[in-house]
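Written out below as structure tokens is the structure these notes cover.
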Amino acid sequence: MLKTHSCGQLRRTDIGSQVVLAGWVHRRRDHGGLIFIDLRDREGVVQIVFNPQKSPEPYQLADELRNEYVIRIWGEVVLRPEGTENPALPTGEIEVLVERMEILNKAETPPFYINKDVEVDENLRLEYRYLDLRRERMQRNIKARHLVVNFMREFLNNKGFLEIETPILIKSTPEGARDYLVPSRLYPGSFYALPQSPQQLKQLLMVAGFEKYYQIAKCFRDEDTRADRQPEFTQLDIEMSFVEEDDVMLLTEELLTRLVEGFFPDYKLKKPFPRIRYAEAMARYGSDKPDIRFGLEMSDLSDILVSSSFPVFSRSLANGGCIKGIALPGCGDYSRRSIDELTNLAKDSGGGGLVTISLDKTLNSIEDLTMSAVKSSAARYLAVDEVRLMAKRLGASGGDLILILAGDVSTVNRALGALRLEMGRRLELARPGELAFAFVVDFPLFNWNQELGRWESMHHPFTSPREEDLSLLVTTPEKVRGRHYDIVLNGYEIGGGSIRIHKGDLQREVFHILGYEDKEIDDLFGHLIKAFNYGAPPHGGIALGIDRLLMTLLGEETIRDVIAFPKNQNARDLLFGSPAPVKDEQLKELHLRLETS
RNA sequence: GGCCCCGUGGUGUAGCGGACUAACAUGCCACCCUGUCACGGUGGAGAUCAGGGGUUCAAAUCCCCUCGGGGUCGCCA
């Protein structure tokens, strides 16, 4: 080793030690007669001192030092002179008197600050990711990631799980996201696909008798990115045999609880994790991944407005839609402009025609409500009794703003849910430091795809239907509930899983409902069904999105800040410059020809 | 593919029709400085205001297009 100690670890107890340190010049303070350098390595920063009287040669060399130079120094750890201690630094009681120095490597001036936490254009950060990662925040994030993943491994190892790797080159699956494809050199015209998740593989491991499996699994989905989504991401993938929903959920709950309490003790979290039925989540929060850190819950107002003369309302109800609202506390004095903003927000999510009702501040009791205390874009269509009933249901009082949307159920839920989230943010309703985990349960197994005119799996086709709903499979698929559970955290879906189908004939039946012919089923999923026919145990599992979990735990706003080398929004890697063209020979070997446009 | 937002010295920002010969902070370079720790002081270099076109007597500023980036809808079994 080129060093005997880490910079950041030196303490009072090291006083008197001769040490060799190596690291980066974090900051330099040249006093003319005396040069101080903050020397940084992975463990932190220590002050080293160049004194011309004591060591003239290194002092002269130190004149050349600039930020991010890599140096090695020999010296003695000494107590700092009284009054010059720096309590802000863990190493602030001591310093190292340099007796000899070697410059291991020079550095160009970095394109952005490494020793300061300043917002920098993300392009630039990604182009120079190796420098970005030197910054304190990124070091913290990547280290936290290690600790979290390490904890997960230990936790599961101690519970008898086996970590098993599964292939990255597998087969394209018809349902789900777009696959990343890898052309085969040996088989012209054939392709591998990168796994969207090791779903089928882990089920096969259950058939293979491993009973408890986990993996830190890279997953790939070729879809557009978001703040919490990029082409490749990491899941803690878990599968267990001979289990029911509660076994998996309680294990997950224990894992997450102990993780947070052990590594992020400043957070408050509610135990046990609440369980919310899907239908309820949609009705109350307009989302299957509700942020339950705050209220602003939606209520159905259809019955109150059933005979409303307002065309938007009556039309929606006539078309089988609904009318729902939320109440925004203290927003009754919103300007026209602010209200327009909300209207646009609703439109962005597909919800047209936001109706707002401002209740005057001076209104003491909803019972005393008169139309003079009501300001609304739809005022002339609203009866005072209707407003009163709506206000009551929504828990609104004087000074509040009521938002109402009408339309088909899913659009209203989505748009009003988006408004709820945005207003929750703006009004800062979520208490800081709160982690609101919740399980969402009782999902329907299928949903009807209007465009394609067929049933689709709500999650994936391997989810088991509930036993008591089996008879509905053929008659009324929409009523079949799946044995699926999602886990959400502060409005993010951080995981999901289910008890799987473990019998070949049931699996085949589900594929039939999804519109597959036997031939296709055999081609695409024959391996799985065949495996089920050789004594597959009942099994189930879950997958946790490690990036999203970390993002929330670390208070970051994008998944990219917890990934060492992320892709940008356009799925490009700005450091490597990928994706990139390849040589013609490579294409030829792969039997590929580019379309010339 | 749609919508919204952003692009000004290395970095972060200000300026939003004329007083801009583009300001501030920091970084960078030189010199001074022996107890600083975001050291301090003096001086200096550094910007075709993302690119192109237009409107105007006059454009960093207004309009259009392109490029790059971010957010979001669609998409994400």
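In the text below, chain A, chain B and the rest are named by the order of the sequence lines, each starting its count at 1.
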Across the strands shown, which category fits [X] at heavy-atom distances under 4.0 angstrom: base, sugar-phosphate, nothing?
X	answer
A:Q47	base
A:E95	base
A:I35	nothing
A:R560	sugar-phosphate
A:E85	base
A:P81	base
A:N123	sugar-phosphate

So, is [X] near the phosphate of [N], with a side-chain N or O under 4.0 Å from OP1 or OP2?
X	N	result
A:Q569	B:G71	yes
A:R29	B:U36	no
A:R425	B:G71	no
A:N570	B:G69	yes

Exercise. Which value, in whole Å, describes the distance between the P atoms of nucleotides B:C24 and B:A30?
Worked result: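 Result for the P pair: 23 Å, nearest Å.
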Problem set entry | Any donor-acceptor N/O pair under 3.5 Å between B:U36 base and A:R80 side chain |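 Yes, a donor-acceptor pair under 3.5 Å.
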For this session: Please check if atom CD in A:Q139 has more than 12 non-hydrogen atoms from other residues, nucleotides or ligands closer than 6.0 Å.
Result: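 Counting other residues, nucleotides and ligands, CD of A:Q139 exceeds 12 neighbours.
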Exercise. Closest approach of A:R27 and A:N67, non-hydrogen atoms and distance?
Worked result: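 That would be CA-OD1, 3.8 Å.
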Exercise. Relative to the 5' end of RNA chain B, which residue comes earlier, A:Q53 or A:R28, by the nucleotide with the nearest heavy atom?
Worked result: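 Looking at the nearest nucleotide for each, A:Q53 comes out on the 5' side.
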For this session: Starting from the 5' end of RNA chain B, give me the residue, A:E122 or A:S197, whose nearest nucleotide shows up first.
Result: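 Final value for this comparison: A:E122.
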Problem set entry | Residues touching RNA chain B, which here means a heavy atom under 4.0 Å, drawn from residues 223-238 of chain A |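 The answer is A:E223, A:D224, A:R226, A:A227, A:R229.
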Problem set entry | Evaluation steps, salt bridge (Lys or Arg N to Asp or Glu O under 4.0 Å), between A:E223 and A:R229 | CA-CA 9 Å; A:E223 298 292 348; A:R229 257 165 46 188; over 6 Å; no
Exercise. Do A:H527 and A:Q200 get their side chains close enough for a donor-acceptor pair, meaning under 3.5 Å?
Worked result: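 Checked: A:H527/A:Q200 side chains pair up, N/O donor to acceptor below 3.5 Å.
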Exercise. According to the 5.5 Å centroid and 30° plane-angle thresholds, does A:F112 stack upon the nucleobase of B:U11?
Worked result: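 It does not: the two rings, one from A:F112 and one from B:U11, miss the stacking criterion.
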Exercise. Ring centres of A:F511 and A:Y516 under 6.0 Å apart?
Worked result: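 Yes.
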For this session: Spell out protein contact along nucleotides 25-33 of chain B as letters: B when the base is contacted, S when just the sugar-phosphate is, - when no protein heavy atom is under 4.0 Å; keep the 5' to 3' order.
Result: -BSSSS--B
